[in-house]
Asks: 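Could you have a look at this structure, given as structure tokens, before my questions?
Keep in mind it's a predicted model, so treat the numbers as computed, not measured. Below, chain A is the first sequence line, B the second, and so on; all start at residue 1.
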Amino acid sequence: MSESSPETRRFDPGAVESKWQRAWDEADVFHAENDVEDPTYVLAMFPYPSGEMHMGHVRNYAITDAYARYRRMQGDAVLHPMGWDSFGLPAENAANERDVDPRGWTMDCITNMKEQMELMGLGFDWERELTTCEPEYFRWNQWFFEQFYEAGVVERQTAELNWCPDCETVLADENVNTHPEHPDGICWRCDTPIENREMDQWFFTTTDYADELYDSLDGMGGWPDNVRQMQRNWIGKQEGASVPFDLSTGDSVDIFTTRLDTIHGATFFALAPGHEVAQRIAADNDEVAEYIHRVDHADEAVPETSGVFTGEYATNPATGEEVPVYVADYVLEDIGTGALYAVPAHDERDHAFAQAHDIEIRQVVEPAPDADHDPGDVDVQTAAYTADGLLVNSGEYDGLESARARERFVERFDGDSRTAHSLRDWCISRQRYWGTPIPFVECPDCGYVPVPEEELPVELPEFVRTTGNPLDAAEEWKSTTCPDCGGPAERETDTMDTFVDSSWYFLRFVSPELETAPFDTDRANNWMPVDQYVGGIEHATMHLIYSRFFTKVLDDMGLVDCREPFENLLTQGMVRKNGEAMSSSTGNVVSPGPFVEQYGSDTGRLFMLSAARPEKDFDWTEEGAQSSYDFLQNVYGLVNAYTEGDIETGDGGVVDEYVTREIDAAAATATEEFERFRFNHAFQAVRDLVSLLRRYADHTTPRAESFEAGLETVTKLLAPVAPHTAEELWHTLGREGLVATADWPTVDLAEGYDTARLLVENTREDIRDIVDVAGIESPERIDVAVAPEWKYYARERARELDGNVVGQLMGDSRIQAHGEAAADYAKNLAAAGHIDDQLPPEREATTLVRASWLLEREFDAEVVVHGPDEAPADLAAKATPGRPGIRIEE
RNA sequence: GCGAGGGUAGCCGAGCCAGGUCAAAGGCGGCGGGCUUAAGACCCGCUCCCGUAGGGGUUCCUGGGUUCGAAUCCCAGCCCUCGCACCA
């Protein structure tokens, strides 16, 4: 092949990419029509518009875009939308730092980022773009809020917040700085130590859905295990029981325990400082009151074993004993019921407390005979034994297994089997400006009253810089009338957590312009769930749990028929540099902007997708990026060399038969790998095919038709990952229309292809070995001989035989006729243990003939392939099925 | 502490789920050769050890086990990463 100077064969990514971006635009390639039945819904987690893309974004969108483009070429209707998660603190901070308003700043950022996305030619359906900070969007947050309120999914509860006494405002966790002397942190503005204050806040009752959120995870096979596990941890399901204890105060106090089997060993009872009964005792007991005050206002954490005896007693329902009641800080108010019976012998914290307060430690469980521990080795006075076992010191229940005991004791002690979760209700109140106003009015007479639906959206007042919440300062905006009684009232000044915005945006994409409802229910029922969701692992719990919760609530309200929003989830790995996360603060970054400008978007995408599996972290390296760039230029050069007639074509001969099969094989491999999101493997197949076509042209005069078909296949397989370059190639090849909308190649690989390929690879490898080991400088002629028929026959027979294989084989006259050689071969077969599939002899011969050009080319020697029964005797003797005999002459 | 994922040749990274054509893809780096006035780009090959005919040896964190056969399955241990964690 004689290529002219490479300079004429290189393309300018900038020019090529913008050209095809315009062409896609004009052809409206990425728009999903409303009337399609059930498009493949491919979704990348929408970004917070910080203004600058980083490599994490690029990787995320490279993945969804590649998959979306692949599915489109497969003939699917595809929905691949993009939007902006545009409420949030950074805008407010920017507004406070410079003299801008959050809205203007946010919109500028969106413009910037969208420009960068467009520069990268990402195939989003921009007609469905949505922006959560627009009233057209957030009015539906407000609408949902009121609907949820009606349905009892919204509640007011108290929550502990960060309060700055100097600024007299609530602070978000992000605005609290850590300080060595103040465990609760200090104010970011005035450095005043933060106080924790209990305040009434709005909550979504996520706990109502805790069981379903937990249990459904088992069936969600399209999600990675680690994310499901993280959600299980987050929800924290605990199977246990609650049992009432009578106190000498006259109260009956419920405890929650997962170890009801140990109840006979309860030697004291403990209440959380915040527990109602503890508070009541404190009213008449100075010592208790002082303790509660101390733990509440401690500047440093109190010792874990701290606690105070109340002077009261609780009756252990198992033993009838009176055990002392303590108030102890290690008992947490929001875990279980905030009260527990303590079994020092079988719980580490109870044990530590008992030792510090000199309380009896009574063993009631000992290791079962099959346990790791020998009962004699367990000394509960020294350390708690926390495993299950057999009951002791438990009266009539001695010898019972822990699990059985738990079941029986629930009934025996009048308890309830209960499931506790560590999942809390979702506090959505934020004392911030840049979020969705909570659509409620507080009336001195009527209390909290929802803003009437027809008055939605409640829009934000103009932004002012203030120490606290700007909504609080907007007096005019705040004052309104009560929708119920018409009297003067004040608007709620809290806004919603921005996770509310992202909990349903995937539904809004279905009908982004709809003005009468948050989304079109019929269409959502057809289009949901999202077929493939892709984003960072950092959203494993919050966003992905809230979205699941929202979807279930909406289903229960009849708004959509769907209980899980995301069918398949892929969490992409990080893009690192020098082994560390990219970070602009340390300068350890590669910025997408300048990179794309220099190398083009395709190079970036190709490198990212070929470097590693999408879910794994990978290192960005200069060399790797360069190699992707070189590859694209290289393919471009090859295609142009062909179309400009620099590659002389002919009939290709037997080589052509080889190459056409490999073209199909490449397409088949790539298809399989795209289905599994293994772009790196798919690309491998493309790279191999390009290399093969190059060798084809180099070795002989290729048949134009198949050579071109090969280039066309390369182009198509490359199209999802390097879409601009692929369009340019498609155009160069003189194809009509756009490769973005072309049909994906369909192939059925001939049976036995893999075996044939292996035969070729192994034979080549053997010849290399021989040449190398025998020190053959320049081979003149290579003879390759397929084994005689009878060996194939013997081999097939051997596969079916058991027992005395040699004997049975030699009993077969067709085999026996070959005497000594047959006996040797039969012994080999018998010893093999496993016999792989092989091609029939004629097919081995044709396969080798087709591949012989590779040998000629590699060794620069004449290659002669001998069929099954036409080889010289010495060669045939060495040959076995799958392993031809080889002779090399110098 | 509980839970999840992982440890593969100089580096990165496939393979492991469905055990066997696996001394283990590919990329990067390195070495040799071709093309070229030269460089770059491109092309060909080599890159665990020994070996003058396709052989042998030792490998996929360590140690056991299952199997005719283990990078792949099982058990134990070591190390790494991540998530949850004063969760009764």
Asks: Counting Watson-Crick and G-U wobble pairs only, both distances under 3.5 Å, name the nucleotide matched with B:rG45, or none.
Replies: B:rC31
Asks: Is there a residue in residues 261-268 of chain A whose heavy atoms reach under 4.0 Å of RNA chain B, and which residues are they?
Replies: none
Asks: For B:rC17, which nucleotide is its Watson-Crick or G-U wobble mate, given both distances must be under 3.5 Å?
Replies: none
Asks: Taking atom C1' in both B:rG30 and B:rG10, compute the distance separating them and give it to the nearest angstrom.
Replies: 9 Å
Asks: Hey, mind stepping through A:Tyr385 and A:His351 against ring pair (Phe, Tyr, Trp, His ring centres under 6.0 Å) and telling me if it holds?
Replies: CA-CA 10 Å; A:Tyr385 179 74; A:His351 193 273; over 10 Å; no
Asks: Does atom CD (A:Glu648) have a neighbourhood of more than 12 heavy atoms from anything else shown, all under 6.0 Å?
Replies: no
Asks: Are A:Phe607 and A:Tyr599, when compared by the centres of their aromatic rings, separated by less than 6.0 Å?
Replies: no
Asks: Within the 4.0 Å heavy-atom criterion, would you say A:Asp617 contacts the bases, only the backbone, or no part of the nucleic acid?
Replies: sugar-phosphate
Asks: Whole Å only: how far is the CD atom of A:Gln231 from the P atom of B:rC2?
Replies: 23 Å
Asks: Are the charged groups of A:Arg406 and A:Asp388 less than 4.0 angstrom apart, N to O?
Replies: yes
Asks: So, OP1 or OP2 of B:rG15: does either fall under 4.0 Å of a side-chain N or O from A:Arg613?
Replies: yes
Asks: Within this structure, what is the CG-to-P distance between A:Leu271 and B:rA88, rounded to whole angstrom?
Replies: 18 Å
Asks: Between B:rA39 and B:rC50, how far apart are the two P atoms, rounded to whole Å?
Replies: 32 Å
Asks: Atom CG in A:Leu570, atom CD1 in A:Ile537: separation rounded to 0.5 Å?
Replies: 10.0 Å
Asks: Determine, for A:Arg781 against A:Asp783, whether the closest basic-nitrogen to carboxylate-oxygen distance falls under 4.0 angstrom.
Replies: yes
Asks: Work out how far the C1' atom of B:rC61 is from that of B:rU72, and round it to whole angstrom.
Replies: 15 Å
Asks: Please check if any side-chain donor atom of A:Asn316 sits under 3.5 Å from a side-chain acceptor atom of A:His264, or the reverse.
Replies: no
Asks: Just how far, in rounded Å, is P of B:rA41 from CG of A:Asp630?
Replies: 7 Å
Asks: Work out how far the C1' atom of B:rG13 is from that of B:rG29, and round it to whole angstrom.
Replies: 14 Å
Asks: Are A:His357 and A:Tyr326 an aromatic pair, judged by ring center distance below 6.0 Å?
Replies: yes
Asks: Going from CZ on A:Arg232 to CG on A:Asp218, what distance comes out if it is rounded to the nearest 0.5 angstrom?
Replies: 5.0 Å
Asks: Expressed in angstrom and rounded to an integer, what is the separation of A:Leu423 atom CG from B:rC84 atom P?
Replies: 13 Å
Asks: Are OP1 or OP2 of B:rA14 and a side-chain N or O of A:Lys616 less than 4.0 angstrom apart?
Replies: yes
Asks: Can a donor-acceptor pair be found between the side chains of A:Asp329 and A:Tyr291 at a distance below 3.5 Å?
Replies: no
Asks: Using the side chain to side chain contact (heavy atoms under 4.5 Å, CB included) criterion, which residues pair with A:His681? Sequence neighbours excluded.
Replies: A:Glu673, A:Arg678
Asks: Heavy atoms under 4.0 Å, any strand shown: does A:Thr258 hit a base, just sugar-phosphate, or nothing?
Replies: sugar-phosphate
Asks: Which one is paired to B:rA4, where only Watson-Crick or G-U wobble pairs with both distances under 3.5 angstrom count?
Replies: B:rU81
Asks: With a cut-off of less than 4.0 Å, is there a side-chain N or O of A:Gln238 near OP1 or OP2 of B:rA88?
Replies: yes
Asks: What pairs with A:Met220 under side chain to side chain contact (heavy atoms under 4.5 Å, CB included), at least two apart in sequence or on another chain?
Replies: A:Ser216, A:Leu217, A:Trp223, A:Arg228, A:Arg548, A:Glu564
Asks: Quick one: on RNA chain B, does A:Met230 or A:Ala339 contact a more 5' nucleotide (nearest heavy atom)?
Replies: A:Met230
Asks: Give each protein N/O atom lying under 3.5 Å from an N/O atom of nucleotides 56-58 of chain B, with the pair distance.
Replies:
none

Asks: Just the table, please: protein N/O against nucleotides 44-54 of chain B N/O, every pair under 3.5 Å.
Replies:
from, atom 1, to, atom 2, distance (Å)
B:rU52, O4', A:Val773, O, 3.1
B:rA53, N6, A:Ile888, O, 2.5
B:rA53, N1, A:Ile888, N, 2.8
B:rG54, O2', A:Asp766, OD1, 2.7
B:rG54, O2', A:Arg883, NH2, 3.1
B:rG54, O6, A:Ile886, N, 3.4
B:rG54, N1, A:Pro884, O, 3.1
B:rG54, N2, A:Asp766, OD2, 2.9
B:rG54, N2, A:Pro884, O, 2.9
B:rG54, N3, A:Asp766, OD2, 3.3

Asks: Using the P atom in both, what is the distance from B:rA9 to B:rG5, to the nearest Å?
Replies: 22 Å
Asks: Considering only NZ, NE, NH1 and NH2 on the basic side and carboxylate oxygens on the acidic side, decide whether A:Arg418 and A:Asp416 come within less than 4.0 Å.
Replies: no
Asks: How long is the straight-line distance from CD1 of A:Ile767 back to CD1 of A:Ile886, given to the nearest 0.5 Å?
Replies: 4.5 Å
Asks: Roughly how far apart, to the nearest Å, are B:rG26 and B:rC75 at atom P?
Replies: 34 Å
Asks: State which of B:rA14, B:rA88, B:rA4 makes the closest approach to the side chain of A:Arg678.
Replies: B:rA14
Asks: I'd like to compare against my own output: the B/S/- annotation of nucleotides 24-30 of chain B with a strict under-4.0 Å heavy-atom distance to protein.
Replies: -BSSS--
Asks: What is the distance from CD1 of A:Ile235 to P of B:rA85, rounded to the nearest Å?
Replies: 13 Å
Asks: Given atom CG of A:Asp646 and atom P of B:rC42, what is their separation to the nearest angstrom?
Replies: 18 Å
Asks: Contact class for A:Val343 vs. all strands (heavy atom < 4.0 Å): base, sugar-phosphate, or nothing?
Replies: nothing
Asks: Please check if the number of heavy atoms outside A:Asp874 that lie under 6.0 Å from its CG is greater than 12.
Replies: yes
Asks: Which value, in whole Å, describes the distance between the C1' atoms of nucleotides B:rC80 and B:rU62?
Replies: 15 Å
Asks: Let me know, please, whether A:Phe618 or A:Glu333 comes out on the 5' side of the other along RNA chain B by nearest nucleotide.
Replies: A:Phe618
Asks: Hey, do the aromatic rings of A:Phe269 and A:Tyr341 have their centres closer than 6.0 Å?
Replies: no
Asks: Could you state the CG-P distance from A:Leu758 to B:rG15, rounded to the nearest angstrom?
Replies: 18 Å
Asks: Find the distance A:Tyr629:OH to B:rC42:P and express it as a whole number of Å.
Replies: 11 Å
Asks: If we take the C1' atom in both B:rC16 and B:rG7, what is their distance in whole Å?
Replies: 13 Å
